[in-house]
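See structure below.
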Amino acid sequence: MVRYGDSASATCRTLVPVSGMGWESTVGAVGLEEGVTELNWTVKELREWTMRPQCFINPEDGDQCQKELAVVVYSELPFHSPKMFPYDI
């Protein structure tokens, strides 16, 4: 869970030999990196309500696989005093 406007990050890791990996996302995308077994996805200020970042891995001996990161963005409601309303609560 990430508050709207805060930073967010995640790390994708693999134990299998890979030719490369990356993150597909509308924010914070990371292109194909070769020779790594972990890769960070980072956003300094998350200002998008819906997104579906996906880590993708290109195994040396197989087809590309992807895993979606579940991101829940929330916003705190402002505090309202009962005196702000013209009626009794």
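All values derive from a computational prediction rather than experimental measurement.
Within 6.0 Å of the CZ atom in R52, the count of heavy atoms belonging to other residues, nucleotides or ligands does not exceed 12.
If you chain together hydrophobic residues whose side chains sit under 4.5 Å apart, V73 and V43 fall into the same group. Using a 4.5 Å cut-off between side-chain heavy atoms of Ile, Leu, Val, Met, Phe, Trp and Tyr, with links allowed through other members, L69 and V18 fall into the same hydrophobic cluster. Note on V2 and V30: same hydrophobic cluster, where clusters join Ile, Leu, Val, Met, Phe, Trp and Tyr whose side-chain heavy atoms are under 4.5 Å apart, directly or indirectly.
Separating the CG atom in L15 from the CD atom in E38 is a distance of 10.5 Å, to the nearest 0.5 Å. Atom SG of residue C55 and atom CE of residue M21 lie 4.0 Å apart, to the nearest 0.5 angstrom. We find the OG-CG distance between S9 and L46 to be 11.0 Å, quoted to the nearest 0.5 Å.
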inquiry  = Between T26 and E48, is the side-chain hydrogen bond (donor to acceptor under 3.5 Å, both in side chains) condition met? List the steps.
reply    = CA-CA 9 Å; T26 53; E48 206 169 295; 2.6 Å; yes
ask   = For V36 and E34, what are the C-alpha separation, side-chain angles and deciding distance, and is it a side-chain contact (heavy atoms from CB on, under 4.5 Å)?
value = CA-CA 6 Å; V36 298; E34 297 178 352; over 6 Å; no
ask   = Can you check side-chain hydrogen bond (donor to acceptor under 3.5 Å, both in side chains) on Q66 and E68, steps first, answer last?
value = CA-CA 7 Å; Q66 298 181 15; E68 184 175 306; over 6 Å; no
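Between the side chain of S19 and the backbone N or O of N58, at least one donor-acceptor pair lies under 3.5 Å. Within the 3.5 Å criterion, the main-chain N or O of A8 finds no donor-acceptor partner in the side chain of W41.
Taking the side chain as every heavy atom from C-beta outward, Y74 and M1 approach each other to under 4.5 Å. At a threshold of 4.5 Å between non-hydrogen side-chain atoms, the residues Q64 and I57 do not count as touching. Looking at R3 and E76, their side chains come closer than 4.5 Å, going by heavy atoms from C-beta outward.
A pairwise comparison of heavy atoms in W23 and L39 identifies NE1-O, 3.1 Å as the closest pair.
By the 30° and 60° cut-offs, the orientation of the rings of W49 relative to Y4 is parallel.
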